[in-house]
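Naming convention: chains lettered A, B, ... in sequence-line order (proteins, then strands); numbering from 1 in each chain.
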Amino acid sequence: SVNPMAYEAQFFGFTPQTCMLRIYIAFQDYLFETMLVVESVILKKVAGFPNCKISPFQVRKSTEKFLLFMKEHFDKLFSKMEEVLLQLVLNIPANVLLPEDKVHEQFSYSKEQFQALQDEISQLQQQYRAEASAGQALRAELEEQKVVRAELEKIVQWFDGLENICREHGTSNLKESFVFLTENSKKLQDVLKDVEEKSK
Amino acid sequence: AFDASVAQVKEYIARFTAECQSWDQLLLRYQQSAEETSRQLEECRRDGGRAEPPTYLQTSQAEVLRSKPNYQKILDDQGEVLSCMELVLDELQQAVKLLEAFSEDSRQYLRRLS
Amino acid sequence: ELIVATSTKRKQWPKKILVHAIQTMKAEQEMLKLYQPVVTPEEIRS
């Protein structure tokens with residue numbers, strides 16, 4: 001089965017398979033180059049022997065055979081090395097969490113929990129706005145109270161002033177002095193009537 | 001087995017392609033929301049954060065705010081007191097005028113008489 | 001390339017997103033601080 005080894009790619013920055021592929025290709029290129037060098041050396045050597053019967057074609061044939069042998073051998077070795085490297089070196093054990101994923105160890109929120117957090121945040125912000133405006137409303141009410149208090153104090157002062165005037169003129173209780181005044185004016189009327197009769 | 005592996009590879013390709021796109025969309029969404037909030041913040045700074053108040057009925061002060069008296073009515077009621085006082089003082093003033101007139105008449109009458 | 005691209009995003013995008021998320025939250029907090037609801041006192045006729 002196919003294992004993308006994405007976690008390893010997250011850590012190494014490349015996929016282990018790609019790495020192995022690059023190593024394989026590098027080895028393979030190296031093998032081809034070496035084979036060509038070996039072949040050219042053999043051709044030089046053969047050219048150096050007098051009456052040598054080996055033709056370059058034969059040399060090429062055996063080079064190819066040797067290359068095939070080496071490649072098969074190399075493939076076997078390489079697949080073992082690949083297996084070991086992929087399992088033991090370029091591999092992140094299942095219990096290991098990369099540093100950037102450590103956060104999921106403490107806070108692993110499900111979608112619903114995350115949404116609940118978001119809802120709570122917006123609800124709290126809404127609550128904050130409501131409280132702030134309630135505060136403003138109370139401050140506005142204080143302003144209104146100041147105006148009303150000033151008006152009521154004016155009225156109280158007005159009555160105090162009235163009371164002071166009455167007290168200054170000896171009529172501390174308006175009602176009583178009204179009664180007194182009425183009696184006096186009645187007496188005065190009687191006196192006048194009396195005087196009038198006498199004068200007639 | 002080969003076909004199964006090919007199918008699996010195809011499935012991985014589809015999944016990783018979709019995941020890459022959703023990562024980009026997620027990043028873009030947060031980027032846009034950051035830009036949008038910064039723009040709102042600038043706007044907020046420009047007009048000093050003034051805003052229409054939401055209803056504060058659900059706040060801790062809701063009870064206090066709901067029990068707000070009618071200050072205008074309190075003052076208007078005082079108006080009644082004052083207009084009543086005005087009547088009283090007018091009557092007082094008329095009574096005093098009447099008395100002054102009466103005492104003046106009686107003084108003249110007595111002077112003539114005497 | 002696709003696997004490397006995906007794992008790179010898994011590794012780096014959260015950091016980029018975090019920067020924007022923090023910026024958003026700070027701006028939201030700033031706006032809350034600036035929040036100044038306008039409640040005008042009622043006109044009281046004397």
Measuring only between side-chain heavy atoms, which start at C-beta, is [X] closer than 4.5 Å to [Y]?
X        : Y        : answer
B:Leu110 : A:Leu192 : yes
B:Val96  : A:Leu181 : no
A:Leu138 : B:Val64  : yes
B:Glu11  : A:Val2   : no

Qualifying residue, where the test is side chain to side chain donor-acceptor pair (under 3.5 Å) with B:Tyr71 and the options are A:Glu151, A:Gln145, A:Glu144: A:Gln145
So with a 6.0 Å cut-off around [atom1] of [X], is the heavy-atom count from everything else above 12?
X        : atom1 : value
B:Lys68  : NZ    : yes
A:Arg22  : CZ    : no
A:Phe11  : CZ    : no
B:Tyr109 : OH    : yes
A:Gln123 : CD    : yes
A:Lys65  : NZ    : no
A:Tyr109 : OH    : no
A:Phe159 : CZ    : yes

Which region of [X], side chain (C-beta onward) or backbone (N, CA, C, O), has a non-hydrogen atom less than 4.5 Å from a non-hydrogen atom of chain B, or is it both or neither?
X        : result
A:Gln126 : side chain
A:Ala132 : neither
A:Ser185 : both

Option that, when pairs with chain A are counted at under 4.5 Å, heavy atom only, ranks first among B:Gln78, B:Gln8, B:Gln72: B:Gln8
Contacting moiety of B:Val81, where chain A heavy atoms sit under 4.5 Å: side chain
B:Ala1 portion near chain A, given a 4.5 angstrom heavy-atom threshold: neither
Residue among A:Ser133, A:Ala130, A:Gly135 with most heavy-atom pairs under 4.5 Å to chain B: A:Ser133
Closest non-hydrogen atom pair between A:Gln127 and B:Thr59, with its separation: NE2-CA, 4.2 Å
Backbone N/O of A:Ala134 and side chain of B:Gln61: donor-acceptor pair under 3.5 Å: no
